[in-house]
Amino acid sequence: QVQLVESGGGLVQAGGSLRLSCAASGRTTYHMGWFRQAPGKQQELVATIRPSGVDSYVADSVKGRFTISRDNAKNTVYLQMNSLESEDTAVYFCAAGDTWGEPWHPIYWGQGTQVTVSR
């Protein structure tokens, strides 16, 4: 069993930055990633990263603004979010799984952290 605990969400003005963290218990060899869900919208895959940290995927909607990274020594994955826009307002979920590719179907989920971007 893997537990994922997100942190780093909050309220930020448009154009600002936040860094989300996801601390994982257990093994470090999972593919990790972030989803988000805004009110009234479908869940969206934001970014994923392989266990090695070498390969990653970032959705077109956030490419150039968001970066995913991981520190396996700390069992932690990060989502650096820059140039935030009001459309980035959502609950962000950390996830982990054994597979890679789209669509991605992780098997473990965090509880979510709210990100609110004000205009």
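None of the values given here were measured: they were computed from a predicted structure.
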Under 3.5 Å, which donor-acceptor pairs do the side chains of residues 74-81 form with other protein atoms, sequence neighbours left out?
| unit_1 | atom_1 | unit_2 | atom_2 | d |
| --- | --- | --- | --- | --- |
| Asn75 | ND2 | Ala24 | O | 3.2 |
| Asn75 | ND2 | Gly26 | O | 2.9 |
| Thr76 | OG1 | Lys74 | O | 2.8 |
| Gln80 | NE2 | Asn82 | OD1 | 2.9 |

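Under the side chain to side chain contact (heavy atoms under 4.5 Å, CB included) criterion, Val12 pairs with Leu18, Leu84, Val117, not counting sequence neighbours. Gln37 is linked by a side-chain hydrogen bond (donor to acceptor under 3.5 Å, both in side chains) to nothing, counting only residues two or more places apart in sequence or in another chain. Partners of Ala95 under the side chain to side chain contact (heavy atoms under 4.5 Å, CB included) rule, at least two apart in sequence or in another chain, are Phe35, Trp104, Pro106, Trp109. Scanning for side-chain hydrogen bond (donor to acceptor under 3.5 Å, both in side chains) contacts around Gln111 gives Glu6, with sequence neighbours left out. For Ser61, the side-chain hydrogen bond (donor to acceptor under 3.5 Å, both in side chains) partners at least two apart in sequence or on another chain are Glu44.
Applying side-chain contact (heavy atoms from CB on, under 4.5 Å) to Cys22 and the options Leu4, Thr113, Val5 leaves one that passes, Leu4.
The NE2 atom of His105 lies 13.5 Å from the CG atom of Asp98; values are rounded to the nearest 0.5 Å. Between Arg50 atom CZ and Thr29 atom OG1 the span is 13.5 Å, to the nearest 0.5 Å.
Here the shortest heavy-atom pairing between Trp100 and Tyr57 reads CH2-N, 4.0 Å. A pairwise comparison of heavy atoms in Phe66 and Val58 identifies O-CG1, 3.9 Å as the closest pair.
Side-chain contact between Gln1 and Tyr108 is present, with at least one heavy-atom pair separated by less than 4.5 Å.
Remark: the backbone N or O of Val115 is not paired with any side-chain donor or acceptor of Asp88 at under 3.5 angstrom. Under the 3.5 Å distance criterion, the side-chain polar atoms of Ser86 are left unmatched by any main-chain donor or acceptor of Arg119.
Follow the hydrophobic side-chain contacts under 4.5 Å out from Tyr30 and you never reach Phe93; the two are in separate clusters. Tyr92 is connected to Val2 through a chain of hydrophobic side-chain contacts under 4.5 Å among Ile, Leu, Val, Met, Phe, Trp and Tyr, so both are in one cluster.
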For this session: Please test Asp55 against His31 for side chain to side chain contact (heavy atoms under 4.5 Å, CB included), starting from the C-alpha separation and ending with a verdict.
Result: CA-CA 10 Å; Asp55 295 320; His31 300 281; over 6 Å; no

Exercise. How far apart are the C-alpha atoms of Thr89 and Glu87, what are their side-chain angles, what is the distance that settles it, and do they pass the side-chain hydrogen bond (donor to acceptor under 3.5 Å, both in side chains) test?
Worked result: CA-CA 5 Å; Thr89 295; Glu87 291 76 15; over 6 Å; no

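For the residue pair Glu85/Ser83, the side-chain donor-acceptor check at 3.5 Å is not satisfied.
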